[in-house]
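Convention: sequence-line order gives letters A, B, ...; per-chain numbering from 1. What you see is a predicted model; the values in this text were computed from it and never measured.
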Amino acid sequence: MARIVELEAYIGRDDRASHARFGETARNRVMFGSPGLAYVYLVYGMYDCLNVVTEPEGSPAALLVRAVQPLEGVALMRSDRIAQAASRHRARAAERAATEAERIRRLPADRLASGPGLVAAAFGLDTGWTGIDLCDPVAPLRLEPAPTDEARVAILATPRIGIPGAGQPWIALPWRLSLVGHPSVSGPIATR
DNA sequence: GCAAGGATATCG
DNA sequence: GATATCCTTGCA
């Protein structure tokens with residue numbers, strides 16, 4: 001179990017940064033489906049990214065889960081991260097995988113899932129998880145409401161990360177939301 | 001500052 | 001079929 005601390009919104013066919021910008025394709029099909037479904041895609045050939053479909057059927061939109069704070073099952077998340085690192089280095093030196101495993105073992109729990117690729121790695125997700133209903137209370141991966149005492153938190157809105165043409169008005173929209181100052185938010189401390 | 005790495009969308 | 005690109009990460 002983990003608490004979502006950072007998200008990015010991708011909304012509509014006109015969102016030039018969204019996978020839906022070219023219309024419906026085999027990869028992004030689920031974005032046009034029912035809200036609450038998972039969309040997991042592979043980026044840069046190495047990292048899977050978890051998204052939650054948000055708009056009604058026919059209206060493509062999703063939230064990219066950029067970072068979570070691990071709460072329960074930290075040991076499993078750590079071993080999932082290490083396993084993902086090992087498979088990523090399978091073609092390369094096993095020594096590299098070993099040193100990365102050691103680095104992950106030393107990571108504080110707060111930094112185990114501080115990035116979109118790291119969220120999927122910590123939960124052991126890949127593209128095969130696309131289409132799972134995250135609102136199903138018995139789904140193996142699901143969303144749950146935050147405890148009521150956490151209902152009011154300070155939220156920071158900044159431009160979305162890693163998008164080419166960051167100067168354009170439609171890209172500069174502050175659609176990246178994160179908990180102010182939270183240690184599990186991605187990026188250097190100054191940007192949290 | 002950049003390399004790693006594979007799927008994808010677009011072009012020929 | 002070839003290739004430029006990509007909602008990233010960690011190390012030089």
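- The residue from A:R81, A:R88, A:R105, A:Q84 that alone fulfils the side chain to side chain donor-acceptor pair (under 3.5 Å) condition with A:E100 is A:R88.
- A:R81 comes within 4.0 angstrom of the backbone, heavy atoms only, and of no base.
- Cluster membership check: A:L64 shares its hydrophobic cluster with A:Y47, using side-chain heavy-atom separations under 4.5 Å among Ile, Leu, Val, Met, Phe, Trp and Tyr.
- Only at 4.0 angstrom or more do the heavy atoms of residues 106-126 of chain A sit from any atom of DNA chain B, so none qualifies.
- Just one of A:V65, A:V119, A:V185, A:L179 meets the side-chain contact (heavy atoms from CB on, under 4.5 Å) condition when paired with A:E6; it is A:V185.
- Between C:dC7 and A:R176, no contact under 4.0 Å exists linking OP1 or OP2 to a side-chain N or O.
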Q) Reading nucleotides 7-12 of chain B 5' to 3', which nucleotides get B (base under 4.0 Å from a protein heavy atom), which S (sugar-phosphate only), which -? A) SSSS--

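- Checked against ring pair (Phe, Tyr, Trp, His ring centres under 6.0 Å), A:H19 has the following partners two or more places apart in sequence or in another chain: A:Y39, A:Y41.
- With respect to A:E8 and A:R66, a salt bridge is recorded, a charged nitrogen being found less than 4.0 Å from a carboxylate O.
- Side-chain atoms of A:T158 do not come within 3.5 Å of backbone N or O of A:P174 as any donor-acceptor pair.
- In this structure, NE2 of A:H89 is placed 13 Å from C1' of C:dT8, rounded to the nearest angstrom.
- Atom CD1 in A:I161 sits roughly 10 Å away from atom C1' in C:dC7 (whole-Å rounding).
- Neither A:M1 nor A:L143 shares a network with the other; the hydrophobic side chains, linked directly or stepwise wherever heavy atoms of I, L, V, M, F, W or Y lie under 4.5 Å apart, form separate groups for each.
- At distances below 3.5 Å, not a single donor-acceptor pair connects side-chain atoms of A:S18 with backbone N or O atoms of A:D15.
- In this structure A:A97 satisfies the side chain to side chain contact (heavy atoms under 4.5 Å, CB included) test together with A:H89, sequence neighbours excluded.
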Q | Nucleotide-level pairing of DNA chain B, given in dot-bracket where Watson-Crick and G-U pairs need both distances under 3.5 Å and | marks other strands | A | ||||.||||||.

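- Rounded to whole angstrom, the span from the CZ atom of A:R88 across to the C1' atom of B:dA3 amounts to 12 Å.
- Between A:Y44 and C:dT9, no base-stacking contact is recorded for ring centres under 5.5 Å apart and planes less than 30° from parallel.
- Candidate nucleotides B:dG5, C:dC7, C:dG10 were compared by shortest atom distance to the side chain of A:R103, and C:dG10 ranks first.
- Rounded to an integer number of Å, the gap from CG of A:D15 to C1' of C:dC7 is 10 Å.
- Partners of A:T25 by side chain to side chain contact (heavy atoms under 4.5 Å, CB included), not counting sequence neighbours, listed by chain and number: A:R27, A:N28.
- One atom, CD of A:E100, and another, P of B:dA4, lie 15 Å apart when rounded to the nearest Å.
- A:R78 places no side-chain N or O within donor-acceptor distance of the main-chain N or O of A:L112, the cut-off being under 3.5 Å.
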